[in-house]
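Just so it is clear: chains get the letters A, B, ... in the order the sequence lines come, proteins before strands, and each one is counted from 1.
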Amino acid sequence: MGLLTNLKDSISKVSDRLFADEEPKRIGIYGPPNAGKTTLANRIARDWTGDAVGPESHVPHETRRARRKEGVEIERNGRTVTIDIVDTPGVTTKVDYKEFLDHDMEKDDAVRRSREATEGVAEAMHWLREDVDGVIYVLDSTTDPFTQVNTMLIGIIESQDLPVLILANKTDLPESNIQRVANAFPQHETIPLSALEGDNMDEVYDKIAEYFG
Amino acid sequence: MPHQCTACGHVFPDGSKEMLSGCPDCGGNKFQFKPGSVEEASAEDTGRSAGGPADRDATSGDVTIEADRDTPPEPDHDPAPGTGRDAEVTVATDPSSTDASPTDASPTDASPTDASAADPDAAASTDAPPSNAAEDDAQASARSEVVSSDELSVTSNPDAAAPSSREDASTPSRASEAAEDADVGTDPDAADATDHPDTRTDTDDDRAGLDALREELNDQFESIRIVSPGQYELNLMELYDRQEYIISLQEDGRYVIEMPGDWGPDED
């Protein structure tokens, strides 16, 4: 009898723990290749957990598998927002190994990278459909935001009714044009930042708490 | 391009979505393109990857292809009325026509007049005038299905088939072959220049149909087009829309698809 009681106790303890707290929201960091998604993910993860998410690189498609950082607790105005960050591979409609040859890469490596990048895009699109509760959409503010990929992804995100935060990254660069990003997606708020330099991260965290809390 | 299970070698026809639920033979989920088995493998074919969402389309897609490939041999043994070929069978087995000209069944002796003698039956059942055009229509309707390989070999080798038609014209299955032979023989064009042009146009028609089908399936299901190794074009909407996804593209066109554990009708 004692055994059964113990068992019952431990089961109820486990279920208490399981259902006590709301599941942290999974926030996907999406955007085209080289927009600074991993730099942002690392910035957020380092600021709040001390760990990084993954390696950053100037070479496009450095991130070829979605990487998750779970239980990132962001404190804003006395309350805590817990999110799981999913850093996704850059989404694109074309992957060409020749693009990597310019970055001092052997052909075999470039072909492999391109293959992995393609798998990564497939995975990222899959996550968007199945596993994401909100999206941080990162754009390189030095480039034209009017692209097929951006329009399509924002469209998908809107059709899913997912909360989305649009970030105009790389404001540390002189060619940065925040207004162009804001004009491209006037239905959403655009927040400028430099994930690399850590500029304007306070506003980013405010908005994360507001949108995904 | 057709696909092949890398574990057991099971080949899936181009455009088949059967593989999306795993290999029916061994349950494997690793497939490769099977190059060389389709002559006119176009650039569009090479990049076509997995099919569409099985929960929605598995039945329709499969059935179309399988049915096209499987049905042609059956009508030879199945005397159901209605199709053009069956009308020809009626001609061959009809006592009056066989009595009237037993030797006419052999293609070598056939002539336009013999054809008109045998035609009324066919014309009555196909509602077409008893001319050569009527026979072409009948053939066309009969061959709107895919021509099976043995059927092709029969029509392209009248000499090989002729003996059987002479010996066994009474048995239904033979009779249908004989009818087709007679059919070919009564066509003046075919008599002049053998039946090769005839056969070729039939095949071309089929090919055009298959091409259209393939085109349609490509449009419908393509998510990753492999332009060449290391060069890919991605259809983001397709990738987003489907439940399964590609987790590993490998050398030589191989790829692995991640599939949901259960393929029940539970759409989330």
More than 12 heavy atoms from other groups under 6.0 Å of CD on Glu106(A): no
Largest heavy-atom contact set with chain B, pairs under 4.5 Å, which of Arg113(A), Glu99(A), Lys98(A), Gln160(A): Gln160(A)
Nearest atoms (heavy-atom pairs only) where Ser114(A) meets Tyr232(B): OG-CE1, 3.2 Å
Greater than 12 external heavy atoms within 6.0 Å of Gln148(A)'s CD: no
Heavy-atom pair with the smallest gap, counting every atom of Tyr240(B) and Arg129(A): O-CD, 3.0 Å
CD on Glu119(A) to CG on Leu234(B), rounded to 0.5 Å: 11.0 Å
Qualifying residue for side-chain contact (heavy atoms from CB on, under 4.5 Å) with Leu236(B), from Val121(A), Ile156(A), Leu128(A): Val121(A)
Most contacts with chain B, counted as non-hydrogen pairs under 4.5 angstrom, among Thr92(A), Val111(A), Val95(A): Val95(A)
Neighbour count >12 (heavy atoms, 6.0 Å) for atom CG, Asp102(A): yes
Spatial distance of atom CG (Asn235(B)) from atom CE (Met125(A)) [nearest 0.5 Å]: 9.0 Å
